[in-house]
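Notes to accompany the following structure.
The sequence lines fix the lettering, A, B, ..., with proteins before strands; numbering per chain opens at 1.
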There are 2 protein chains.
Amino acid sequence: MKEKNAIEPVCAVDYAFKRIGGKYKGRLIWYLYNHEVMRYGELRRSIKDITPKMLTQTLRELEEDGLILRKVYYEVPPKVEYTLTEVGMELIPFIQYLKDWGNKQLEKSNLPAIEASCG
Amino acid sequence: MKEKNAIEPVCAVDYAFKRIGGKYKGRLIWYLYNHEVMRYGELRRSIKDITPKMLTQTLRELEEDGLILRKVYYEVPPKVEYTLTEVGMELIPFIQYLKDWGNKQLEKSNLPAIEASCG
DNA sequence: CAGTATCCCTATCGATACTG
DNA sequence: CAGTATCGATAGGGATACTG
């Protein structure tokens with residue numbers, strides 16, 4: 001069994017994929033890019049069928065990876081805003097590219113691509 | 001329970017991520033881009049610790065998605081060559097971008113990025 | 001409003017052995 | 001050489017209920 005914190009050689013491609021992989025990360029980043037700033041409930045309503053657990057979990061991972069910023073307003077009722085960081089913004093060109101590519105493939109296969117659900 | 005083949009609205013970002021997600025797909029595409037054509041055993045040796053099961057499985061998925069081409073030579077001993085398709089090639093700019101981004105992040109965090117293991 | 005806490009499931013991945 | 005076949009492990013995700 002390998003040690004968990006052993007420093008191992010890392011492939012940059014793998015590294016990057018892990019940082020943006022996961023079921024909702026791509027969409028989350030894309031939403032935040034298009035809306036600049038979004039609150040928790042707003043994100044929750046945007047991503048159809050996501051559970052609070054998954055939303056919180058995904059947001060925390062993105063935050064730990066330095067891709068998004070979480071700003072808490074200490075008031076009642078609570079208010080939390082999420083925005084992309086500089087580093088997170090650097091991923092936009094690539095997600096844009098991927099989105100265009102995806103749409104092109106979807107057209108070819110006659111599957112419906114719903115723009116609205118992508119931000 | 002949802003029907004498996006029901007046509008549902010699809011988000012292009014999600015769609016694209018599924019097509020290139022998975023533990024080895026990014027690297028596999030990147031290898032094939034850099035070597036143009038590779039045989040099964042060559043890929044197996046390149047991707048350290050991948051099992052034949054995972055390699056075959058991943059290659060088949062990429063093939064079904066039209067990203068790679070599998071060419072069989074009917075001779076003894078068997079020979080099979082893998083190459084990127086046109087559609088697969090369209091992903092290169094984006095993987096390149098992601099790789100550069102990954103390397104930049106790795107530098108910042110003082111983790112070792114091994115170029116060799118990325119193609 | 002913005003989350004936690006639990007419990008559970010299954011897709012994905014891994015180890016090992018075998019084959020046309 | 002280029003794979004299959006089988007079984008077992010686990011990480012990621014989902015349902016539901018509850019809270020500061």
Side-chain angles (χ1 to χ4, degrees), chain A residues 1-5 8 11 13-15 17-28 31-32 35 37-65 68-83, chain B residues 1-5 8 11 13-15 17-28 31-32 35 37-65 68-83:
Chain A
M1 192 165 167
K2 285 184 182 176
E3 283 196 41
K4 195 145 196 180
N5 290 330
E8 303 181 50
C11 164
V13 176
D14 284 352
Y15 172 85
F17 264 103
K18 280 191 187 151
R19 243 106 224 95
I20 53 156
K23 191 165 181 184
Y24 304 103
K25 285 188 183 173
R27 261 156 88 190
L28 229 31
Y31 279 124
L32 289 176
H35 294 75
V37 47
M38 288 179 88
R39 296 180 61 177
Y40 184 89
E42 212 176 340
L43 286 165
R44 194 168 163 179
R45 269 171 270 119
S46 298
I47 302 187
K48 213 167 137 356
D49 295 334
I50 195 172
T51 60
K53 178 194 155 190
M54 283 315 296
L55 180 53
T56 300
Q57 188 177 303
T58 309
L59 287 169
R60 291 295 136 82
E61 285 174 21
L62 290 171
E63 194 192 356
E64 276 168 34
D65 283 341
I68 67 171
L69 197 73
R70 179 172 179 265
K71 183 170 186 184
V72 183
Y73 294 85
Y74 293 96
E75 38 182 74
V76 183
K79 179 179 171 183
V80 179
E81 288 180 346
Y82 293 92
T83 48
Chain B
M1 196 163 165
K2 285 184 184 177
E3 281 194 45
K4 194 140 198 187
N5 289 330
E8 303 181 51
C11 164
V13 176
D14 285 352
Y15 172 84
F17 265 102
K18 281 191 187 154
R19 242 107 226 93
I20 53 157
K23 191 164 180 184
Y24 303 103
K25 284 189 183 173
R27 261 154 89 190
L28 229 31
Y31 279 123
L32 289 176
H35 294 74
V37 48
M38 289 179 87
R39 297 180 60 177
Y40 184 90
E42 212 176 341
L43 286 165
R44 194 168 164 181
R45 269 171 269 119
S46 298
I47 301 186
K48 214 167 132 5
D49 295 335
I50 195 172
T51 60
K53 178 195 156 189
M54 283 314 296
L55 180 53
T56 300
Q57 188 176 304
T58 308
L59 287 168
R60 292 294 136 83
E61 284 174 22
L62 290 172
E63 194 192 356
E64 275 168 34
D65 283 341
I68 68 172
L69 197 73
R70 178 172 180 265
K71 183 170 185 184
V72 183
Y73 295 84
Y74 294 96
E75 38 183 74
V76 181
K79 178 179 172 185
V80 179
E81 288 179 346
Y82 293 92
T83 48

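With sequence neighbours excluded, no residue forms a salt bridge (charged side-chain N to carboxylate O under 4.0 Å, His left out) with B:Lys23. Judged as a side chain to side chain donor-acceptor pair (under 3.5 Å), and not counting sequence neighbours, B:Arg60 has no contacts. Listed by chain and residue number, nothing satisfies the side chain to side chain donor-acceptor pair (under 3.5 Å) test with B:Thr83 (two or more places apart in sequence, or in another chain). In this view, B:Val76 satisfies the side chain to side chain contact (heavy atoms under 4.5 Å, CB included) rule with no residue, not counting sequence neighbours. Residues meeting the salt bridge (charged side-chain N to carboxylate O under 4.0 Å, His left out) test with A:Arg39, sequence neighbours left out: none. Annotation: side chain to side chain donor-acceptor pair (under 3.5 Å) contacts of B:Glu81 (sequence neighbours excluded): B:Tyr73.
Along DNA chain C, the nucleotide nearest A:Arg45 and the nucleotide nearest B:Glu61 are compared for position; the residue whose nucleotide lies closer to the 5' end is A:Arg45. Comparing A:Glu81 and A:Lys53 against DNA chain C, the residue whose closest nucleotide sits nearer the 5' end is A:Glu81. Nearer to the 5' terminus of DNA chain D, by closest-nucleotide assignment, is the contact made by A:Ile50 (compared with the other of A:Ile50 and A:Pro78).
We find the CE-CZ distance between A:Met38 and A:Arg45 to be 8.5 Å, quoted to the nearest 0.5 Å.
Protein atom CD of B:Gln57 is 14 Å distant from nucleotide atom P of C:dA15, rounded to whole Å. For the pair B:Lys48 NZ and C:dA15 P, the computed distance is 11 Å after rounding to whole Å. In this structure, B:Leu55 places its CG atom 16 Å from C1' of C:dT12, rounding to the nearest Å.
Close approach of DNA chain D to chain A, defined as any atom under 4.0 Å from a non-hydrogen atom of the protein, starts and stops at D:dG13 to D:dG20.
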When you look at B:Ile47 and B:Tyr24, which way does the side chain to side chain contact (heavy atoms under 4.5 Å, CB included) test go after all the steps? CA-CA 8 Å; B:Ile47 301 186; B:Tyr24 303 103; 3.8 Å; yes

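At the heavy-atom level, B:Tyr73 lies nowhere under 4.0 Å from the strands shown. Residue contacts for B:Tyr74: at a heavy-atom cut-off of 4.0 Å it reaches no nucleic acid atom on any strand shown.
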Return all side-chain donor-acceptor pairs below 3.5 angstrom for residues 51-59 of chain B, not counting sequence neighbours, or 'none' if the list is empty.
unit_1: B:Thr51; atom_1: OG1; unit_2: B:Met54; atom_2: N; d: 3.3
unit_1: B:Thr56; atom_1: OG1; unit_2: B:Tyr40; atom_2: OH; d: 3.0
unit_1: B:Thr56; atom_1: OG1; unit_2: B:Pro52; atom_2: O; d: 3.0
unit_1: B:Thr58; atom_1: OG1; unit_2: B:Met54; atom_2: O; d: 2.6

How does DNA chain C look in dot-bracket form if you count Watson-Crick and G-U pairs under 3.5 Å, write [ ] for pairs that cross, and put | where a base pairs with another strand? ||||||||||||||||||||

